[in-house]
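Ligands are counted one by one from 1 in listed order, and the atoms in each one are counted from 1 as well.
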Amino acid sequence: MKILAIETSCDETGAAVVEKDEKGLIKVLSNVIATSSSLHAKTGGIIPESAAREQIKFMIPVIVAALIESKNKAKLSSGNKFKYAKHILTSIDAIAVTHGPGLIGSLLVGVETAKTLSFALNKPIIPVHHLLAHLYANFIGEISNFKFQISNIQFPFIGLIVSGGHTDLLYFKSHSNFKWLGGTRDDAAGEALDKIGRILGLPYPSGPEIEKRANKIQGSTLKFQSPLINSEDFDFSFSGLKTEVARFIQEERDRLSPEIGVTDLGNICYAVQEAIFDVLIKKTIRAAKLYKTWTILLGGGVSANQTLRKSFEQSIINNKLSMQIFSPEKKFATDNAAMIGAYALLNYKPVNWEKIKAQPDLYFD
Ligand code: KG4
Ligand code: ZN
């Protein structure tokens, strides 16, 4: 089965062709993303109206590129491209689209495009939960030595979603049977990194920038608090950290000014990551122990962070636990359409195109 997947929940415009073969292996045949992040870098954050306007421009070209690339024919002239893309569309079995959560204007671009394709081509359509799809990026088969390998993820597992807008912990018994354990009470992990980056004068999105600065040093003498680290629940809270960093910079203004030096910046970034990651790791491992699961899946933009992945592994070793941790390949960790296709293929539940609508506040039911 072959799916054309569409993702437009935030500022990215993504389309992918994803296939499940006879052995159940998820293969990404193409994965195209257009981003308006350089536009948002100028304003230090996303302006929803601008994001949606850009997505309207990108949507069809991105779909055409994904269809053509799925057949390794990226070099066709533009006239031939459209003709060939239409031809490939006929071989697609179904369409998958992110229907929430996300920005309403952005979601509408993807959802309405997918509905139109479904109606015009008479193809089934599968609405996909963006956050669950982040975890399903782990089910995408890896290419090694030109062969696809199946990922050996076992149920039950604990899923930690760490993105720009969400931080959630879930317990999965099977694909369709899961339970939400907890989440952030205020800012998401990625949002905290982006806001702190802004205070530090780093470009948007700041998660990868903070990672780069922190990697320049071996360890930090600084320590920021990890909020709720000792609470019995599975909740998180990251907005206080931003205030703590802002206060620290204010107090150290004379020493740090006029610009924060490389070592100071590295120290701050290192301590910020440590404060956020410590609580994420502690609560995720506690959930895995409580639910007697030996598998942990990470997903979302922040899971692209190598320090987070390594610290998880280190913590598992230090605590002598036999747990397995999965995190998506970097290109599938941040927003992309391939993960939407992977989710749809493993949770194939088509609905009538008239029933699908964009749901900005979609939660976990
Ligand atoms: O999942 P995602 O692409 O979009 C949402 O669904 O929100 O996540 C974006 C978030 C941003 O906050 C960005 O700063 C963060 O992921 N991010 C990272 C890294 N790459 C992206 N955070 C830490 N380290 C990274 N390498
Ligand atoms: Zn996302």
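Of the heavy atoms in Ile210, none comes closer than 4.0 Å to ligand 1. Neither the backbone nor the side chain of His166 comes within contact range of ligand 1; no heavy atom lies under 4.0 Å.
Ring centroid separation for the pair His134 and Phe332 does not come in under the 6.0 Å cut-off. Taking the centre of each ring, Phe82 and Tyr84 stay at or above the 6.0 Å mark.
Regarding atom 11 (C) of ligand 1, its nearest protein heavy-atom neighbour is Asp194 OD2, 3.5 Å. Protein heavy atom nearest atom 2 (P) of ligand 1, with residue, atom name and distance: Asp335 OD1, 3.3 Å. With hydrogens left out, the protein atom closest to atom 21 (C) of ligand 1 is Gly301 O, 3.4 Å, a heavy atom. Ranking protein heavy atoms by distance to atom 26 (N) of ligand 1, first place goes to Glu211 OE1, 2.8 Å. Considering only non-hydrogen protein atoms, atom 22 (N) of ligand 1 sits nearest to Gly207 CA, 3.3 Å. Scanning all protein heavy atoms for the shortest distance to atom 24 (N) of ligand 1 gives Asn305 ND2, 3.0 Å.
Side-chain contact between Val128 and Val97 is absent, with no heavy-atom pair separated by less than 4.5 Å. No side-chain heavy atom of Met339 sits under 4.5 Å from any side-chain heavy atom of Tyr136. In this structure, the side chains of Ser70 and Ile88 come closer than 4.5 Å at one or more pairs of heavy atoms.
Using a 30° and 60° split on the angle between ring planes, Phe236 and Phe238 fall in the parallel class, below 30°.
Within Asp335, the N/O/S atom positioned nearest the Zn ion (ligand 2) carries the name OD1. Shortest distance from the Zn ion (ligand 2) to His134 is reached at NE2 (N/O/S atoms only).
For Leu193, no nitrogen or oxygen atom sits less than 3.5 Å from a nitrogen or oxygen atom of ligand 1, counting backbone and side chain alike.
The shortest separation from a heavy atom of His134 to ligand 1 is under 4.0 Å, placing the residue in contact. Distances shorter than 4.0 angstrom do not occur between any heavy atom of Lys330 and any atom of ligand 1.
Not a single N, O or S atom of His166, from either the backbone or the side chain, sits less than 2.8 Å from the Zn ion (ligand 2).
Here CG of Asp194 is found 5.0 Å from OG of Ser206. Values are rounded to the nearest 0.5 Å.
Ligand-side atoms of ligand 1 in range of Gly165: 7 (O), range being under 4.0 angstrom from any heavy atom.
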